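Every number for a ligand or one of its atoms is a count from 1 in the order of the listing. These numbers were taken from a predicted model, which means no experiment stands behind them.
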Amino acid sequence: MSGRLAGKTAIVIGAGAIGPGWGNGKATAVLFAREGASVLCVDINPRAAEETCAIVAREGGTAAPFAADWTVSARVEAMAAECLARFGRIDVLHNNVGIVEVGGPVELDEARWDRLIDVNLKGMYLACRHVLPTMQRQGKGAIVNVSSLAAYRSPGYPCASYMASKAAVLGLTRSVALQYAAQGIRCNAILPGLLNTPMVHAALKDTYGPGGIEAMVATRDKVSPTGKMGDAWDVAYAALYLASDEAKYVNGAELAVDGGLSVKVA
Ligand SMILES: NC(=O)c1ccc[n+]([C@@H]2O[C@H](COP(=O)([O-])OP(=O)(O)OC[C@H]3O[C@@H](n4cnc5c(N)ncnc54)[C@H](O)[C@@H]3O)[C@@H](O)[C@H]2O)c1
């Protein structure tokens, strides 16, 4: 621990994990706390948020859970108020929540399309909406939005709503980055490539053929230029940099965390 976020307060939304092991949000919340931040761990699943906080507590860090569906404006407003009441500031907003749906426009019915766009995009807008005024008052803040390489490139299976939502996250990131740059607020995006996380185990186990999780892992490892998928800590360390003052002149950036996949042509 080197105190790269010492004295700062961070909100991590999607701070739990969908299954056993390390998800991006869980690893990020734990790493932020290891680096000295007080972390509000927000999740729609209270038990997942509490589990992350328990890990932080065991390591001697500071974290508190907050249950919220970030597609509900009143809950997101309450989240920002809770962070201020408990910790007094909001230095970092880490917008990690995202779900994936396999299918194109014909396979995805309207309700599933709407829910994915709400979860992957509207929630991020609401988080910015309710946290930016505090960052403006402080004259400082860092927002990190988790997009995906799928904003630019197909992950190898149809996922129209996911690709559309992750591209939209980049538009939101650029807009916020420019509007608030002169007020000391930065907004950047992380674009994870192919990762081995509980999320893909849960959502994509049948997407790569009949071999289940093993086939999925083998196929995704093979596609990666490094021969292996990345993991949640790769995203967490990228988030740590963007959240910290080390990145004070980095704004509106799109940081691929993909082992080089985005520059591969064959
Ligand atoms: N794993 C990959 O290969 C990969 C690749 C590219 C991008 N990503 C992105 O990483 C992010 C997710 O990473 P993760 O590993 O933490 O996933 P995860 O699914 O393990 O954790 C996300 C957390 O968000 C919570 N959540 C879901 N809906 C919510 C809502 N409406 N309000 C509040 N919380 C909600 C879940 O309960 C869960 O605990 C997503 O944005 C995803 O698109 C992942």
* To do: Report the C-alpha distance between L195 and D231 in whole Å, list the side-chain angles of each, state the deciding distance to 0.1 Å, and finish with yes or no for side-chain contact (heavy atoms from CB on, under 4.5 Å).
  => CA-CA 5 Å; L195 306 179; D231 62 34; over 6 Å; no
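- Regarding atom 11 (C) of ligand 1, its nearest protein heavy-atom neighbour is N96 O, 3.1 Å.
- Within ligand 1, counting atoms from 1 as listed, the ones closer than 4.0 Å to a heavy atom of D43 are 23 (C), 24 (O), 25 (C), 34 (N), 36 (C), 37 (O), 38 (C), 39 (O).
- Judged purely by atom type and a 3.5 angstrom limit, S147 uses its side chain to pair as donor or acceptor with the backbone of K166.
- Within the 4.5 Å cutoff, the side chain of C159 has no heavy atoms near those of the V102 side chain.
- Partners of R153 according to the side-chain contact (heavy atoms from CB on, under 4.5 Å) rule, which considers only residues two or more places apart in sequence or in another chain, do not exist here.
- With contacts defined as side-chain heavy-atom distances shorter than 4.5 Å, the pair I13/F66 does not qualify.
- Near G16, with a cut-off below 4.0 Å to any heavy atom, the atoms of ligand 1 are 21 (O), 39 (O).
- For atom 28 (N) of ligand 1, the closest non-hydrogen atom on the protein side is V97 CG1, 3.6 Å.
- Contact annotation: for S147 versus ligand 1, heavy atoms closer than 4.0 Å belong to the backbone alone.
- Within 6.0 Å of the CZ atom in R129, the count of heavy atoms belonging to other residues, nucleotides or ligands does not exceed 12.
- In this structure, of D69, D258, I13, the residue bringing a heavy atom nearest to atom 31 (N) of ligand 1 is D69.
- Residues H94 and N145 bring no donor and acceptor atom of their side chains to less than 3.5 Å of each other.
- Contact atoms of ligand 1 toward G14: 23 (C), 24 (O) (distance under 4.0 Å to a heavy atom of the residue).
- Residue contacts with ligand 1: A15 is excluded, as none of its non-hydrogen atoms falls under 4.0 Å.
- With a 4.0 Å cut-off on non-hydrogen atoms, T197 touches ligand 1 through its side chain and not its backbone.
- Regarding atom 9 (C) of ligand 1, its nearest protein heavy-atom neighbour is V146 CG1, 3.6 Å.
- V30 has its side chain within reach of T52: a pair of non-hydrogen atoms, C-beta onward, lies under 4.5 Å apart.
- Contact annotation: for R220 versus ligand 1, heavy atoms closer than 4.0 Å belong to the side chain alone.
- Annotation: Y237, atom OH; neighbour count of heavy atoms from other residues, nucleotides and ligands within 6.0 Å does not exceed 12.
- Contact between W22 and ligand 1 is absent, with no heavy atom of the residue lying under 4.0 Å from the ligand.
- Of all the listed residues (N45, T71, V200, I18), I18 holds the heavy atom that lies closest to atom 18 (P) of ligand 1.
- Comparing V76, N24, V100 against atom 15 (O) of ligand 1, the shortest heavy-atom distance belongs to N24.
- Closest heavy-atom approach to atom 33 (C) of ligand 1 within the set G23, A68, G230: this belongs to A68.
- Using a 4.0 Å heavy-atom cutoff, K166 is listed among the residues neighbouring ligand 1.
- No N or O atom of L194 sits closer than 3.5 Å to an N or O atom of ligand 1.
- Of all protein heavy atoms, the one closest to atom 32 (N) of ligand 1 is W70 N, 3.0 Å.
- Expressed to the nearest 0.5 Å, how far OH of Y125 lies from CG of N95 amounts to 13.5 Å.
- Put simply, the side chain of W70 does not reach to within 4.5 Å of the side chain of M79, judged on heavy atoms.
- For ligand 1, the atoms closer than 4.0 angstrom to any heavy atom of G25 are 16 (O).
- The existence of a salt bridge linking R4 and D245 is excluded, since no basic side-chain nitrogen approaches an acidic carboxylate oxygen closer than 4.0 Å.
- The protein atom (non-hydrogen) at minimum distance from atom 4 (C) of ligand 1 is L195 CD1, 4.0 Å.
- Among G193, P198, S148, the residue whose heavy atom lies nearest to atom 5 (C) of ligand 1 is G193.
- In the vicinity of A17, heavy-atom distances shorter than 4.0 Å reach the ligand 1 atoms 20 (O), 21 (O), 39 (O).
- Neither the backbone nor the side chain of M229 has a heavy atom within less than 4.0 Å of ligand 1.
- Compare V235, N196, I44 by their heavy atoms: the one nearest to atom 26 (N) of ligand 1 is in I44.
- Looking only at heavy atoms of the protein, atom 43 (O) of ligand 1 is closest to Y162 OH, 2.6 Å.
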* Check the pair E35 / S2 against side chain to side chain donor-acceptor pair (under 3.5 Å), numbers first and verdict last. => CA-CA 6 Å; E35 292 295 334; S2 54; 3.1 Å; yes
